[in-house]
Structure formats: structure tokens, C-alpha cells
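Read through the structure below, which is laid out as C-alpha cells, and then see the notes.
Keep in mind it's a predicted model, so treat the numbers as computed, not measured.
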Amino acid sequence: MTDYMNEKLNPQVMASNYDYLIIGGGMAADTAARGIREQDSFGSIGILSADSDEPYTRPALTKKLWTDSTFTEDQVALNTTKETKNTTLKL
């Protein structure tokens, strides 16, 4: 546990200041970031997620892949950090 504390939770390693910090990823993080941006055009947003990928539309994957032959995985990206200015994602 000591290595984890030193490497992952060390303030020197994780030091970043955000006006808004979202814990967790996925569609909820994307929606929260977009909602924050609607209310505050300039505040910095940080998203911390244990996921290995950026937020993507998960429900579509469970249904569309089986029912729509033209649907591909690249249609599910939410592009949270690209479409929501001043947003940083740390996986």
C-alpha cells in the first residue's frame, strides 16, 4: 500500500488545480462536464477516471451493435475533452 500511496496519491505527482473536479468517467462525466460548461464558459474542469478509455456511450454498445449492421465502435465516442474547452481527463 505504501507504493500506491507514494506513486498515485502523491501531491507532487497529482498536483493540478481545477475549478471543477469530476470523479469517475463515462456518460455521467461527459454530461457533467457539458453541464458545467453551459453555466461557466471559462472554468477549468478535471475528470479523474479509473477507466482505461475516454468517456463513451455505453448503452449504445449494448444495443446498437446487435441491431444495426452499419453501426461501428467509432460512433460511440463522446469527445468530451475535445468538445468541452479547458477540460483535462486523467485516466
Side-chain angles (χ1 to χ4, degrees):
M1 190 71 160
T2 304
D3 290 336
Y4 178 80
M5 295 293 284
N6 287 335
E7 292 176 20
K8 301 289 183 183
L9 300 179
N10 184 337
Q12 299 293 331
V13 175
M14 294 297 292
S16 293
N17 293 317
Y18 301 103
D19 296 313
Y20 305 93
L21 183 61
I22 300 168
I23 307 298
M27 291 177 63
D30 178 75
T31 302
R34 291 171 192 271
I36 290 168
R37 189 54 66 228
E38 287 177 11
Q39 299 298 314
D40 184 349
S41 300
F42 303 104
S44 61
I45 302 170
I47 302 173
L48 300 180
S49 175
D51 293 338
S52 58
D53 299 307
E54 291 188 28
Y56 59 91
T57 309
R58 287 170 175 87
L61 284 177
T62 61
K63 295 173 182 66
K64 285 289 247 179
L65 285 175
W66 303 110
T67 61
D68 185 352
S69 60
T70 62
F71 182 77
T72 61
E73 261 189 63
D74 57 332
Q75 292 174 303
V76 299
L78 295 173
N79 298 317
T80 304
T81 54
K82 293 175 189 156
E83 294 175 2
T84 310
K85 295 183 289 182
N86 201 15
T87 300
T88 303
L89 174 66
K90 293 189 179 193
L91 301 173

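Of all heavy-atom pairs spanning F42 and R37, the tightest one is N-NH1, 3.6 Å. For the residue pair S44 and Y18, the shortest heavy atom distance occurs at OG-CA, 3.3 Å. Heavy-atom minimum distance, I45 versus A33: CD1-O, 3.7 Å.
Residue pairs meeting the salt bridge (Lys or Arg N to Asp or Glu O under 4.0 Å) criterion with at least one partner in residues 18-29, sequence neighbours excluded, do not occur; the list is empty.
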Contacts under 3.5 angstrom, residues 22-32 side chains, donor-acceptor by atom type, not counting sequence neighbours:
| unit_1 | atom_1 | unit_2 | atom_2 | d |
| --- | --- | --- | --- | --- |
| D30 | OD1 | R34 | NE | 2.9 |
| D30 | OD1 | R34 | NH2 | 3.3 |
| D30 | OD1 | T80 | OG1 | 2.6 |
| D30 | OD2 | R34 | NE | 2.8 |
| T31 | OG1 | M27 | O | 2.9 |

